[in-house]
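The structure under discussion appears below in the form of structure tokens.
Values reported hereafter were calculated over all heavy atoms of this structure, with side chains retained and with hydrogens, waters and symmetry mates removed. Sequence lines set the chain letters: A, B, ... in the order given, protein chains first and strands last, and positions in each chain run from 1.
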Protein chains: 2
Amino acid sequence: MSHVTSKKTPGDTQAQILSATLSLFTGQGYFNTSVHDIARESEVSIGSIYHHFKDKEGVARALYNDMINRMSSELATIKKNHNTAHDRCYAVIELLFIITEQEPDIMEFMLYSKHREFLPNERPVCSSQPFEIMREFVQDGMNSGEIQDMDLMVASTCLFGGAIRMITSSMDGLLKKPLSSYIDDIWICSWRAVAT
Amino acid sequence: MSHVTSKKTPGDTQAQILSATLSLFTGQGYFNTSVHDIARESEVSIGSIYHHFKDKEGVARALYNDMINRMSSELATIKKNHNTAHDRCYAVIELLFIITEQEPDIMEFMLYSKHREFLPNERPVCSSQPFEIMREFVQDGMNSGEIQDMDLMVASTCLFGGAIRMITSSMDGLLKKPLSSYIDDIWICSWRAVAT
DNA sequence: GTCTATACGACGATAGAC
DNA sequence: GTCTATCGTCGTATAGAC
């Protein structure tokens, strides 16, 4: 929709490039992916890529920002729809598991890439906005008495650490059953770790 | 000691190379480190590096194997010196924290590198021997009744996930106090998550 | 075993036509 | 905006002297 003026690919050449790039970066890594690879996979010429992005790092940065914004908006929705730390944090884990299963590339790029190696000016993922929102949920839970009073980082890592490790285990192929089938067991343990 | 025959660097050119390489790989990543960098940093010529190792990947592989073996032997010691799952798992976290503080490069290379990107034939760290031993400790704890009966991966990730996330947070510079000062708080939460 | 010099290929990025 | 062709650089790995 929106403003479709030309006949083919309304202007989403960018989206094509980004989609192919995400798949390549997660499949073989940033440094094992050449701009030629991106051109071939996205069925676009090298010239087009350099027209839409400053350089290879620019493509990665666009991908990174998309991901951060997407997560931030999803977390804002969770914040709006749930009121207790218990419900919000469960919803966060549920969201992470769903993304892992339905769009594994996104989760892999988010949790499993060494961004510092190819985006030297970005802050580490864990100090990005989404992770800050997650810690905010935990802080609210401590203020309201749902979660034991303790260091915020300790509470956050203990509450989300199990689920996050489970996600990386899933991406490493270590799980026998689908990731989502573990969610209730994980949650019982994680919540028990910090609840009052 | 051992067999010191020549006057300078008894034969540990290899160790020199590996040490410099570890520092470079953790500092700027595998792909941002050239063999020239390694030569300069280890004060050895390129020719020497290729004499001692097949190629750049071979240096990384040697580093990786050293690390796995070192960890396996440390974990074997823990197994010998402690008898309960409680004591063994606490000792594991204590060990990980100590290594993180005293030899951060080793921990960073172990937990924070995307080995699959430069060692495509190695299994992911989490399915390596050290992590298997850690899971074995947890399984023993379930058999003896110290730990609740549940899926082994769930119990393992919940028990160690918080501590491991705390380590990566520490490496990302997110902690205000030294990592080891958090150990007791972490342990209380982590153990409560899975204990009977 | 250690060194220097070099070959060779790949990749990022640009130029310039359409 | 998209394309092809090309340039320059850098990095891995080897050759061969000492």
From [atom1] of [X] over to [atom2] of [N], roughly how many Å is that when rounded to an integer?
| X | N | atom1 | atom2 | value |
| --- | --- | --- | --- | --- |
| A/E43 | D/dT2 | CD | P | 14 Å |
| B/F53 | D/dT12 | CZ | P | 15 Å |
| A/Y30 | C/dC11 | OH | P | 13 Å |
| A/K54 | C/dT14 | NZ | P | 8 Å |
| A/F31 | C/dG12 | CZ | P | 10 Å |
| B/I49 | C/dT4 | CD1 | P | 12 Å |
| B/E57 | D/dG11 | CD | P | 18 Å |
| A/N32 | D/dG11 | CG | P | 16 Å |

So does [X] get a side-chain nitrogen or oxygen closer than 4.0 Å to the phosphate oxygens (OP1/OP2) of [N]?
| X | N | result |
| --- | --- | --- |
| B/T13 | C/dT2 | yes |
| A/S34 | C/dA10 | no |
| A/H51 | D/dT2 | no |

Please state whether the rings of A/F109 and A/F118 are parallel, tilted or perpendicular, taking 30° and 60° as the class boundaries.
-> tilted
Between A/D37 and A/G47, who's closer to the 5' end of DNA chain C by nearest nucleotide?
-> A/D37
Please determine if A/D151 and B/K176 form a salt bridge, counting it only when a charged side-chain N lies under 4.0 Å from a carboxylate O.
-> no
Ion pair check, B/E117 and A/K114, cut-off under 4.0 Å | no
B/T157 side chain near A/I186 side chain, heavy-atom distance below 4.5 Å = yes
Check every atom of [options] against the side chain of [X] and return the nucleotide holding the closest atom.
| X | options | answer |
| --- | --- | --- |
| B/I46 | C/dC3, D/dA13, C/dT14 | D/dA13 |
| A/K56 | D/dT14, C/dG12, C/dC3 | C/dG12 |
| A/V35 | D/dT12, C/dG12, C/dC3 | C/dG12 |
| B/S45 | C/dG12, C/dC3, D/dT12 | C/dC3 |
| A/D55 | D/dT2, C/dC3, C/dA13 | C/dA13 |
| B/H36 | C/dT2, D/dT12, C/dG12 | D/dT12 |

Taking atom CD of B/Q129 as the centre, does the number of heavy atoms from other residues, nucleotides or ligands within less than 6.0 Å exceed 12?
-> no
